[in-house]
Each structure stands twice: as structure tokens, then as C-alpha cells.
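This report concerns only the one structure given below.
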Amino acid sequence: ATAEYRWPSVLAYCQFLRSRLGKGLYLVLIGLLVFDDRNRYDMLTGIAMVLVGVFNVIVSCMRKDIDQKEWEEQAR
């Protein structure tokens, strides 16, 4: 039961993943960490992840985030 109480404090560090900007920057970071020019597939995976991350950052600048309430209303 004590581990269940610790989750909110751990999840507080992942709040940046709720926004497009946070997801985009995270993908850029992971893509740069995966990038290895000695292995072809690592290089292609890293480039693809960086491109998706940059796309997310660009989209985050173009559109505003939708609130959870607005999202639920649009889904109905």
C-alpha cells in the first residue's frame, strides 16, 4: 500500500509529457541519444525520432493545447 502513495510524486516529474512541446523535446533528446553513425539502423532510427520530435515542436507552436474538458466535449 505504501508504493501506491509514492506514484504521484514520481509522476510529477513526467508532467512535461502532457504537452506537445514536452513530447517533441523528449523525442529529440531520445533521438539524439539513439543516434550512432557506426550502425546504420541506429542512425536511421535516431534521424526519424528527431524529425518526429521537431514536427511535434513545430505543431506545438502552431496550435494551442486542447483542455481535457474540450476534448471530451468534442468526442461526444
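Computed from a prediction, not measured in an experiment: that's the story for all the values here. In what follows, every heavy atom counts, from backbone to side chain, and hydrogens, waters and symmetry copies are set aside.
Residues Leu27 and Val34 fall within the same hydrophobic cluster, defined by Ile, Leu, Val, Met, Phe, Trp and Tyr side chains chained together at heavy-atom separations under 4.5 Å. Tracing side-chain contacts under 4.5 Å through hydrophobic residues (I, L, V, M, F, W, Y), one reaches Ile58 starting from Leu32; they form part of the same cluster. Criterion: ILVMFWY side-chain heavy atoms under 4.5 Å apart, direct or through other members. Under it, Leu33 and Leu17 are part of a common hydrophobic cluster.
To the nearest 0.5 angstrom, Lys23 atom NZ is 10.0 Å from Arg18 atom CZ. The CZ atom of Arg20 sits 11.0 Å away from atom SG of Cys61, with the distance rounded to the nearest 0.5 Å. Separation of atoms CG (Leu44) and CG (Asp36) is listed at 11.5 Å; rounding is to 0.5 Å.
Annotation: salt bridge (Lys or Arg N to Asp or Glu O under 4.0 Å) contacts of Asp42 (sequence neighbours excluded): none. Residues passing the side-chain contact (heavy atoms from CB on, under 4.5 Å) test with Phe16 are Tyr26, sequence neighbours excluded.
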Show me the donor-acceptor pairs, under 3.5 Å and distance only, between side chains in residues 47-54 and residues at least two apart or in other chains.
none

